[in-house]
Amino acid sequence: MGNFAETIERKGTRSVKWDRLKEVYGVADATDILPMWVADMDFAAPEPVIRAMQERLDHPVFGYSYICDGCKKAVADWLLNRHDWKVEYEWMQFEHGVVPAIASAVETFTEKGDHVLITTPVYPPFFTIPALQDRVVVQNPLREKDGIYSVDFESFEQAIEDNEVKLFILCNPHNPGGFAWSREDLKKMAGICAEKGVLIFSDEIHADLMLGGNKHIPMALAADGTGAKIVTSVAPTKTFNLAGVQAALMITEDTELRQQLEHNAMAHGHSNLNAFAAAALTAAYEEGGPWLEELIKVIEENMDLVIREIPAAVPGVKINKPDSTYLLWIDYRGTGLSEEEVMDRLLNKGKLALEPGTKYSEAGRGFLRMNVAAPKSTVEDGIARFIKAFTD
Ligand SMILES: Cc1ncc(COP(=O)(O)O)c(C=O)c1O
């Protein structure tokens, strides 16, 4: 169904990944640098999604559009079939992205000066957005052993108590690191949050990208019986490579929370998804399943290749296969090099752009994030560049 071997020229398409290297990495010339950083894929979107957008484009009137029940049904069916999660239409509130959803939740459910808890290392908007909204970010660093992460429940609970935390932003599955939380851990976090009156925002944008037969567990399901209040955000944009189309939604069973979110959306004049995003989201959830199955195989093969080749060639580098995502979290602490030295080698010698670990907070120091959602030939090129960067 998909063509995952074809190399598609993305330069000149206003691509953040390919056309913004100079600005993001501060290099004088980015012409020869291979980007394997920001989380979008170098693959064409599924054909049914392109067709749906094309059909919408073929109708020449682009007036106001709304989210029809067909669109909500596509979401509900997807969540039920993929994740065993039964969601009612009225629980859904559509947003332009998961990041805007985080911003909306922070603004709606906390006041200036309130404390927001995150487990680090984590996706940067989890700490930049609350800080920009004058909230206080409380970091609970994850425990890490040989690249495997877990929550320190004692300090998690203590951090909530000491700071009167109002909101916990969870990344489920986790980015970076790509690990899936166990049902027990999710339930334990939910139990603590319920007991302490902390609302949970669960970012589940990577939920569909489960590897190795792992199954995603929605926080809303794991928390059953705890009494925790949860807003979940999901999107088809990571799964089907539609980040530039911008479509996501927030889901909560709690009527009061929903009303508050709706009020906030109206206060900011947020409108529905645009006509193309609605068409893309519906087609993706209705018809994208087979494409996703193929994609996951390609990602697994690419990951296996990187995991086999890089650590064998570069002493001191370790890579674990994640449970989810198309992102590898590469541990280079054994090389003894600093982040500055590593980034210098990668950019100037290897000509390869990866994400430095500290972008995900100080807890990410010693790691690099590598995006392997690209044709095998590109990944092979990336491996060669990585090895070159580290070879004296
Ligand atoms: C955990 C997480 N949340 C949200 C996003 C981006 O969401 P959106 O593009 O819908 O704003 C990303 C993108 O990498 C992500 O990794």
Side-chain angles (χ1 to χ4, degrees), residues 14-17 20 24 35-43 45 75 92-107 116 118-130 132 142 149 167-181 200-211 216 218-219 231-251 265 268 270 272-274 276-278 280-281 284-285 299 322-329 353-357 359-361 363-364 367 369-374:
R14 301 192 190 92
S15 157
V16 168
K17 187 181 188 180
R20 297 286 290 170
V24 174
M36 297 182 85
W37 62 294
V38 70
D40 71 28
M41 309 193 235
D42 292 332
F43 301 128
V75 175
M92 302 176 189
Q93 182 178 316
F94 289 78
E95 257 297 351
H96 301 119
V98 173
V99 170
I102 295 172
S104 173
V106 170
E107 189 176 31
V116 176
I118 55 170
T119 52
T120 50
V122 80
Y123 181 57
F126 280 42
F127 45 89
T128 54
I129 287 176
L132 286 165
L142 292 162
Y149 289 92
L167 175 70
F168 167 45
I169 312 180
L170 168 72
C171 200
N172 176 34
H174 201 81
N175 170 27
F179 63 88
W181 300 96
I200 302 171
F201 180 96
S202 186
D203 174 340
E204 305 196 357
I205 197 169
H206 293 283
D208 303 321
L209 294 162
M210 301 304 288
L211 310 174
H216 170 66
M219 180 46 136
V231 175
T232 304
S233 193
V234 299
T237 47
K238 282 291 140 205
T239 316
F240 299 105
N241 206 25
L242 302 168
V245 177
Q246 300 185 320
L249 60 153
M250 285 186 274
I251 300 171
H268 289 284
H270 284 194
N272 273 324
L273 299 183
N274 73 63
F276 296 102
L281 176 143
Y285 282 144
I299 290 170
D323 304 323
S324 170
T325 78
Y326 46 76
L327 308 162
L328 285 172
W329 190 232
L354 305 183
E355 301 256 31
K359 200 164 175 177
Y360 302 86
S361 86
F367 290 81
R369 199 187 74 166
M370 182 186 212
N371 175 349
V372 299

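In each ligand, atom 1 is the first atom listed, and ligand 1 is the first ligand listed.
The N/O atoms of D203, backbone and side chain alike, include one that comes under 3.5 Å of an N/O atom in ligand 1. Between F126 and ligand 1, a contact under 3.5 Å exists for no N or O pair.
Heavy-atom contacts of G97 reach the following atoms of ligand 1: 10 (O), 11 (O) (cutoff under 4.0 Å). Near A39, with a cut-off below 4.0 Å to any heavy atom, the atoms of ligand 1 are 14 (O). Counting atoms of ligand 1 from 1 in the listed order, those under 4.0 Å from a heavy atom of N175 are 15 (C), 16 (O). Close contacts of ligand 1 with C171, meaning ligand atoms under 4.0 Å from a residue heavy atom, involve 1 (C).
Taking NE2 of H206 as the reference point, atom OG1 of T239 lies at 9.0 Å (rounded to 0.5 Å). From L281, atom CG reaches atom OG1 of T237 across 9.0 Å, with rounding to the nearest 0.5 Å. For the atom pair NZ (K238) and OG (S324), the distance works out to 11.5 Å, reported to the nearest 0.5 Å. Atom OG1 of residue T232 and atom CG of residue D203 lie 9.5 Å apart, to the nearest 0.5 angstrom. Here CG of L273 is found 6.0 Å from NE2 of H96. Values are rounded to the nearest 0.5 Å.
Using a 4.5 Å cut-off on side-chain heavy atoms (C-beta onward), T120 and F126 make no contact.
Counting heavy atoms closer than 4.0 Å to ligand 1, residue A101 contributes nothing at all. The proximity of H206 to ligand 1, defined as any non-hydrogen pair under 4.0 Å, is limited to the side chain. Contacts of A243 with ligand 1, taken as heavy-atom pairs under 4.0 Å, are absent altogether. Contact annotation: for K238 versus ligand 1, heavy atoms closer than 4.0 Å belong to the side chain alone. Residue-level proximity to ligand 1 for P125 is absent, since no heavy atom of it falls below 4.0 angstrom.
The protein atom (non-hydrogen) at minimum distance from atom 6 (C) of ligand 1 is Y123 OH, 3.3 Å. Among protein heavy atoms, atom 10 (O) of ligand 1 sits closest to V98 N, 2.7 Å. Scanning the protein for heavy atoms near atom 11 (O) of ligand 1, the closest one is V99 N, 3.0 Å. Protein heavy atom closest to atom 7 (O) of ligand 1, with residue, atom name and distance, is I205 CD1, 3.4 Å.
Under the 30°/60° scheme for interplanar angles, the aromatic rings of Y149 and F367 are found to be tilted. The aromatic rings of H174 and W181 stand perpendicular to each other, their planes meeting at an angle above 60°, with 30° marking the opposite boundary.
In this structure, Y326 contributes its side chain and A39 its backbone to a donor-acceptor pair below 3.5 Å. One N or O on the side chain of D323 and one on the backbone of A180 form a donor-acceptor pair closer than 3.5 Å.
In this structure, P100 counts as a contact residue of ligand 1, since one of its heavy atoms falls inside 4.0 Å of the ligand.
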